[in-house]
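Following: one structure in structure tokens, then a few remarks.
Both backbone and side-chain heavy atoms feed into the values below; hydrogens, waters and symmetry mates do not. Numbers restart at 1 for each chain; the letters A, B, ... are given by sequence-line order, proteins then strands.
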Amino acid sequence: MDFKDTLIIWYSANKRELPWRKTKNPYHIWLSEIILQQTQVNQGLPYYERFIAQYPTVFDLANASETSILKLWQGLGYYSRARNLHTSAKLIVNEFDGEFPNNYKDLIKLKGVGDYTASAIASFAFNEVEAVVDGNVYRVLSRYFGIDTPINTTAGIKEFKSLATSLIDTEQPATFNQAIMEFGAIQCKPKNPDCSICPLQDSCVALEKQLVEVLPVKLKKTKVTKKHFNYLVFIDPHKNTLFEQRTKKGIWQNLYQFPLVESERSLNAEEFHLLNIDSELLDISNFDHSLYNEADIVHKLSHQHLYTKFWIIEVEELPKEAIPTKTLTNYPAPVLISDFINEFPF
DNA sequence: AATTCGGGGCG
DNA sequence: CGCCCAGAATT
């Protein structure tokens with residue numbers, strides 16, 4: 001029995017029941033694939049259910065505000081996915097009359113849809129013969145064929161896409177793609193796979209050469225940078241506060257936060273008070289403050305560690321764009337901020 | 001080709 | 001602590 005048949009038989013016996021596998025609706029499949037980018041199934045699942053419930057069609061998503069989409073996305077990370085989702089939904093509605101692109105070539109033109117996602121939608125929704133190559137597929141192929149080409153290089157990307165294309169079951173591309181990914185997620189998993197029960201154990205090069213824990217090869221990523229964040233939590237007598245949108249490009253773009261002052265290092269109260277906090281709308285030359293957290297709250301991201309302090313500043317008056325603290329949870333915010341909002345007794 | 005984008009889970 | 005996750009866009 002060949003590679004594809006073994007995988008498909010294994011899949012039929014071991015697959016999980018997942019909601020996006022029960023539909024051919026390209027919009028729903030698209031939503032699931034964007035949500036699942038760099039995200040484990042268990043983490044993405046509740047977000048998928050909420051998005052389907054709140055935005056049942058591409059028209060609902062296109063007509064929504066970006067802020068409400070980001071709010072529903074809150075906590076999932078990589079927020080450009082949500083912004084691109086909205087951009088592409090509007091394109092599909094306004095330019096394609098709501099007709100979803102139905103082939104790889106057109107799908108990959110959508111913002112946020114690259115080779116993997118275009119292949120996934122094209123095969124799952126439209127039965128196009130296009131091989132998916134995600135993290136699972138890299139692992140399965142590199143191990144089974146004993147390939148040590150680094151997967152995060154141009155050469156590796158080309159080599160594995162070509163190999164996957166040569167292996168796909170052209171009669172059932174959707175099932176093959178699901179099968180190889182599920183196999184990577186459950187059987188040929190990153191750590192401590194149980195090769196003794198693997199249906200491919202007799203022909204797996206990595207198992208034979210004891211390379212299972214070595215493959216796939218991945219070039220090391222860059223080191224993390226450290227930053228020091230000081231959030232200014234103003235509170236006036238009416239329990240209003242300042243909460244503003246991050247408009248700059250970069251991390252957490254278009255999410256909301258308290259006014260932020262970065263510093264070179266962690267500040268104590270005296271050093272903080274000496275900061276020249278400049279604001280046209282706010283005279284805070286003489287304010288009283290207290291420190292919410294004595295020790296820095298360390299928020300760790302893939303390539304940044306954020307050492308954070310929240311400074312509570314009680315003032316008599318705030319500019320008119322101040323909002324009631326009760327409404328803070330209506331806005332999309334980074335986990336770092338929303339955790340504070342949920343914790344702090346306003 | 002290298003970097004940037006989040007957050008959570010796991011050994 | 002480092003690596004991984006149904007990757008893509010930007011530099």
Side-chain angles (χ1 to χ4, degrees), chain A residues 15-16 18-21 29-48 70 73-85 87-88 107-124 130-140 150-158 160-161 164 174 176-186 188-193 213-225 246 248-255 298-306 332-339:
Chain A
K15 67 177 179 182
R16 295 167 287 184
L18 297 172
W20 46 83
R21 289 185 178 151
I29 292 172
W30 172 56
L31 265 181
S32 75
E33 293 301 337
I34 302 298
I35 287 171
L36 291 171
Q37 287 170 4
Q38 292 295 287
T39 303
Q40 298 195 357
V41 165
N42 286 336
Q43 187 188 4
L45 196 44
Y47 285 86
Y48 174 78
L70 283 171
W73 198 272
Q74 177 176 302
L76 201 52
Y78 285 164
Y79 296 92
S80 66
R81 291 184 290 171
R83 299 192 304 267
N84 290 338
L85 208 56
T87 299
S88 293
L107 284 162
I108 204 168
K109 294 176 186 168
L110 298 176
K111 262 219 168 31
V113 174
D115 176 73
Y116 163 76
T117 304
S119 302
I121 301 170
S123 60
F124 299 157
E130 191 69 47
V132 295
V133 183
D134 73 335
N136 294 305
V137 176
Y138 280 120
R139 189 166 52 253
V140 171
I151 62 174
N152 54 344
T153 60
T154 305
I157 292 166
K158 265 186 68 177
F160 284 98
K161 174 77 179 186
F176 174 85
N177 281 340
Q178 292 282 8
I180 190 169
M181 287 195 287
E182 189 78 337
F183 184 78
I186 293 178
C188 196
K189 55 186 187 175
K191 294 293 176 187
N192 304 322
E213 296 295 338
V214 178
L215 298 174
V217 173
K218 195 172 184 177
L219 267 39
K220 280 199 262 293
K221 42 193 166 191
T222 56
K223 63 174 187 295
V224 300
T225 62
R246 290 179 67 97
K248 289 190 310 245
K249 289 182 60 177
I251 190 177
W252 299 332
Q253 186 184 350
N254 293 5
L255 273 66
V298 186
H299 190 69
K300 296 184 176 183
L301 306 176
S302 313
H303 56 292
Q304 288 184 34
H305 287 184
L306 308 177
V335 167
L336 174 63
I337 304 292
S338 67
D339 281 354

- Separation between the P atoms of C:dC3 and B:dT3, rounded to whole Å: 15 Å
- Query: Which part of the nucleic acid, if any, lies within reach of A:Q304 when heavy atoms closer than 4.0 Å are counted: base, sugar-phosphate only, or nothing?
  - Reply: sugar-phosphate
- For A:Q37 and C:dG7, is the shortest distance between a side-chain N/O and OP1 or OP2 below 4.0 Å? no
- For C:dA8, does either OP1 or OP2 sit under 4.0 Å from a side-chain N or O belonging to A:T117? yes
- Closest to the 5' end of DNA chain C, once A:K249 and A:L36 are matched to their nearest nucleotides, is A:L36
- When A:Q40 and A:V113 are each assigned the nearest nucleotide of DNA chain C, the 5'-most assignment goes to A:Q40
- Message: Heavy atoms from C-beta onward define the side chain here; which of C:dC4, C:dA9, C:dA6 lies closest to that of A:P190?
- Response: C:dC4
- Which is true for A:R139 with a 4.0 Å heavy-atom rule: it touches a base, it touches only sugar-phosphate, or it touches nothing? sugar-phosphate
- Query: Does the pair A:E33 and A:Y116 meet the rule for a side-chain hydrogen bond (donor to acceptor under 3.5 Å, both in side chains), with working shown?
  - Reply: CA-CA 9 Å; A:E33 293 301 337; A:Y116 163 76; 2.7 Å; yes
- Message: Considering every strand and a 4.0 Å limit on heavy-atom distances, what is the contact class for A:S80: base, sugar-phosphate, or nothing?
- Response: nothing
- Have a look at A:G184 and say if it touches a base, only the backbone sugar-phosphate, or nothing, with a 4.0 Å heavy-atom cut-off. nothing
- Query: Can you tell me how far P of C:dC4 sits from OH of A:Y138, to the nearest Å?
  - Reply: 13 Å
- What distance do A:L45 atom CG and A:Q40 atom CD have between them, rounded to the nearest 0.5 Å? 12.5 Å
- Could you check whether the rings of A:H299 and A:W252 sit parallel, tilted or perpendicular, using 30° and 60° as the cut-offs? tilted
- Atom-to-atom span, CD of A:E213 to P of B:dG11 - whole angstrom: 12 Å
- Measure the distance from CH2 on A:W30 to P on C:dA8 and round it to the nearest whole Å. 14 Å
- Item | Length of the NZ-C1' vector between A:K218 and B:dA1, whole Å | 16 Å
- Note on the structure: A:Y79 atom OH is separated from C:dG7 atom P, nearest whole Å, by 18 Å
- Task: To the nearest 0.5 Å, tell me how far A:L306 CG sits from A:I251 CD1.
- Result: 5.5 Å
- If you measure from the P atom in C:dA6 to the same atom in B:dC5, how many Å do you get, rounded? 23 Å
- Looking only at side-chain N and O atoms, does A:H299 come under 4.0 Å of OP1 or OP2 in B:dG6? no
- Item | Reference residue A:E182; test salt bridge (charged side-chain N to carboxylate O under 4.0 Å, His left out); the match among A:K189, A:K15, A:R21 | A:R21
- Rounded to the nearest Å, what distance is computed from the OH atom of residue A:Y116 to the P atom of nucleotide C:dC5? 12 Å
- What nucleic acid atoms does A:L219 come within less than 4.0 Å of, heavy atoms only: base, sugar-phosphate, or nothing? nothing
- Heavy atoms under 4.0 Å, any strand shown: does A:G44 hit a base, just sugar-phosphate, or nothing? nothing
- Item | Gap between atoms CG and P, on A:L45 and C:dA6 respectively (whole Å) | 12 Å
- Note on the structure: The reported gap from CD1 in A:I34 to CG in A:L76 (rounded to nearest 0.5 angstrom) is 11.5 Å
- Message: Once you apply a heavy-atom cut-off of 4.0 Å, does A:D115 come out as touching a base, just sugar-phosphate, or nothing?
- Response: sugar-phosphate
- Looking for any heavy atom pair under 4.0 Å, which part of the strands does A:L110 touch: base, sugar-phosphate only, or nothing? sugar-phosphate
- Atom-to-atom span, OH of A:Y78 to P of B:dG8 - whole angstrom: 13 Å
- Item | Short side-chain N/O contact to B:dC10 OP1/OP2 from A:K189, under 4.0 Å | no
- Task: Select base, sugar-phosphate, or nothing to describe what A:W252 touches, counting heavy atoms under 4.0 Å on all strands.
- Result: sugar-phosphate
- Message: For a quick check of understanding: with a heavy-atom distance under 4.0 Å over all strands, which category does A:V132 fall into, base, sugar-phosphate or nothing?
- Response: nothing
- Taking the nucleotide of DNA chain B with the closest heavy atom to each, which residue, A:V335 or A:K191, is nearer the 5' end? A:V335
